[in-house]
Every structure is written in structure tokens, then in C-alpha cells.
Amino acid sequence: MNAMNAMSAVPPLAEGYEISADSARVDVDRVHHWLSTDAYWALGREREKQERAIAGSLNFGVYDTASGEQVAYARVVTDLAEFAWLCDVYVDRAARGKGIGTALVAAVRDHLRSHGLRRILLATHDAHGVYEQVGFEALEKPDQWMALIFAKPGPA
């Protein structure tokens with residue numbers, strides 16, 4: 001399936017949930033707990049660092065419409081002109097299997113598309129299928145991409 005077909009094939013968000021890009025709605029305690037205890041890329045992330053990440057990003061949440069409880073989260077680092085990095089995508093374990101993650105990523109994609117961005121990047125070890133459903137593909141020329149990785153600071 002090519003990216004354009006994938007973009008139109010995404011099922012809608014399950015009934016009883018809503019997606020919001022209102023950062024004020026983000027349950028910071030819940031998001032920090034999810035990521036720091038259950039997300040391989042953020043295990044042990046400090047609360048203060050999570051708060052800074054949220055403050056410097058576009059934030060998306062999925063919420064149970066009956067209770068208002070947040071059930072999923074995604075964060076985007078972007079200039080809203082050319083580039084975005086999608087990260088910290090997480091669906092609460094109790095809400096998985098309902099297509100919430102796919103619908104969330106599709107909503108993020110559509111929100112960013114409206115700004116005319118050239119590309120959205122992400123990294124994943126195990127969710128390629130989710131992202132492929134909304135049009136993501138492996139890098140065509142990964143040898144042209146580089147990263148600068150800072151060593152983690154050690155004890156003083």
C-alpha cells in the first residue's frame with residue numbers, strides 16, 4: 001500500500017474518545033508515569049525533563065469522553081514550517097487494541113499537513129505497522145541522515 005492509500009485507509013477514532021491538541025488538557029502526572037515506567041525510550045525520565053518537553057512541544061491527547069480521563073499521548077517537536085519530529089506516542093495499556101494509537105497519529109499527521117510541512121520523522125523499534133497505516137515509510141536514503149548523540153551526564 002502506498003502512502004497516499006494509507007492516508008485514506010485510517011479508521012476513525014473509536015466511539016467514546018476524542019482527540020485534543022490543547023496542551024492544557026494533558027495529564028502531566030499520567031504522561032510522566034506512562035513514559036518513565038513503561039516506554040522503552042523514556043524509562044526513568046525525570047519529571048522536570050518531561051515538563052520541559054511538554055512545554056516546548058505540540059501535545060496531543062486522546063480522552064475518554066465520559067470520564068475526561070486521558071488514555072493516549074503524542075508529542076511533536078516542530079518549526080511548523082518545514083519539519084516535525086513525532087515522539088512520545090503512548091496508549092494506556094487498558095485502552096490498547098481499539099485503534100486509538102493509529103487514529104491519534106493520523107490526527108497529528110493531518111494537523112501538521114495543514115501547515116505545509118515537508119516531512120515528519122519518527123523513530124520506533126516495534127510499531128512500524130501502526131505508522132505505515134498512516135503513510136510513514138522507511139527512510140529512502142538513511143545514509144544521508146546523521147545524529148549527534150550527547151553522552152548522558154554522569155554523577156558529579
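Hydrophobic cluster membership is shared by Ile100 and Val108, with clusters built from Ile, Leu, Val, Met, Phe, Trp and Tyr side chains linked at under 4.5 angstrom. Clustering ILVMFWY residues whenever any of their side-chain heavy atoms sit less than 4.5 angstrom apart, transitively, puts Ile120 in a cluster other than the one holding Trp145. Transitive grouping of hydrophobic side chains (ILVMFWY, heavy atoms separated by less than 4.5 Å) brings Val134 and Leu122 into a common cluster. Cluster annotation: Val76 is not connected to Val26 through the hydrophobic network of ILVMFWY side chains, with a link wherever side-chain heavy atoms come within less than 4.5 Å.
A salt bridge between Glu18 and Arg25 is present, with a side-chain N of the basic residue lying under 4.0 Å from a carboxylate O of the acidic one. Between Asp110 and Arg113, at least one side-chain nitrogen of the basic residue sits less than 4.0 Å from a carboxylate oxygen of the acidic one, meeting the salt-bridge criterion.
Formation of a donor-acceptor pair under 3.5 Å by the Thr65 side chain with backbone atoms of Gly16 is found in this model. Checking side-chain atoms of His32 against main-chain N and O of Arg47 turns up a donor-acceptor pair under 3.5 Å.
Interatomic distance, Leu117 CG to Leu80 CG, rounded to the nearest 0.5 Å: 6.5 Å. Atom OG of Ser20 and atom CG of Asn59 lie 10.0 Å apart (nearest 0.5 Å). A distance of 10.5 Å separates CG in Asp143 from CD in Glu140, rounded to the nearest 0.5 Å.
Contact annotation: the side chain of Ser57 approaches that of Val77 to within less than 4.5 Å [non-hydrogen atoms, C-beta and beyond].
Under the side-chain hydrogen bond (donor to acceptor under 3.5 Å, both in side chains) criterion, Thr124 pairs with no residue at all, not counting sequence neighbours. Listed by chain and number, the residues in a ring pair (Phe, Tyr, Trp, His ring centres under 6.0 Å) with Tyr40 are His125 (sequence neighbours excluded). With sequence neighbours excluded, the residues that form a side chain to side chain contact (heavy atoms under 4.5 Å, CB included) with Ser67 are Asp64, Glu69. Shown here are the side-chain hydrogen bond (donor to acceptor under 3.5 Å, both in side chains) partners of Glu48, two or more places apart in sequence or in another chain: Arg52.
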Report all side-chain donor-acceptor pairs from residues 86-93 shorter than 3.5 Å, counting only partners two or more places apart or in another chain.
from  : atom 1 : to    : atom 2 : distance (Å)
Asp88 : OD1    : Trp41 : NE1    : 2.7
Asp88 : OD1    : Arg45 : NH1    : 3.3
Asp88 : OD1    : Arg45 : NH2    : 3.3
Asp88 : OD2    : Arg45 : NH1    : 2.8
Asp88 : OD2    : Arg75 : NE     : 2.9
Asp88 : OD2    : Arg75 : NH2    : 3.3
Tyr90 : OH     : Asp38 : OD2    : 2.4
Tyr90 : OH     : Arg96 : NH2    : 3.4
Asp92 : OD1    : Ala94 : N      : 2.9
Asp92 : OD2    : Trp34 : NE1    : 2.9
Arg93 : NE     : Asp38 : OD1    : 3.4
Arg93 : NE     : Asp38 : OD2    : 2.8
Arg93 : NH2    : Asp38 : OD1    : 2.9
Arg93 : NH2    : Asp38 : OD2    : 3.3

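Sorted by first then second residue, the ring pair (Phe, Tyr, Trp, His ring centres under 6.0 Å) pairs that include residues 50-79, not counting sequence neighbours, are Phe60-His111. Listed by first and then second residue, the salt bridge (charged side-chain N to carboxylate O under 4.0 Å, His left out) pairs that reach into residues 76-86 are Glu82-Arg118, sequence neighbours excluded.
When all heavy atoms of Ala103 and Pro12 are compared, the pair lying nearest together is CB-C, 4.4 Å.
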Q: Dump the intermediate steps for side-chain contact (heavy atoms from CB on, under 4.5 Å) on Gln50 and Val31, then the final yes or no.
A: CA-CA 8 Å; Gln50 186 64 56; Val31 168; 4.1 Å; yes
**Q.** His128 vs Phe136, side-chain contact (heavy atoms from CB on, under 4.5 Å): CA-CA, chis, key distance, verdict
**A.** CA-CA 8 Å; His128 295 79; Phe136 282 86; over 6 Å; no
Q.
Evaluate Tyr131 against Val105 for side-chain contact (heavy atoms from CB on, under 4.5 Å), listing each step before the verdict.
A. CA-CA 7 Å; Tyr131 298 109; Val105 173; 3.7 Å; yes
Q: For the pair Leu58 and Leu112, evaluate side-chain contact (heavy atoms from CB on, under 4.5 Å) and give the outcome as yes or no after the intermediate values.
A: CA-CA 10 Å; Leu58 289 178; Leu112 294 172; 4.0 Å; yes
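Crowding of His33 atom NE2: a count of heavy atoms from other residues, nucleotides or ligands under 6.0 Å not exceeding 12.
Other residues sharing the hydrophobic cluster of Leu43, ordered by chain and number and joined by side-chain separations under 4.5 Å: none, the residue standing alone. Membership of an apolar cluster is not assigned to Met146, as no side-chain contact below 4.5 Å to another ILVMFWY residue is traced.
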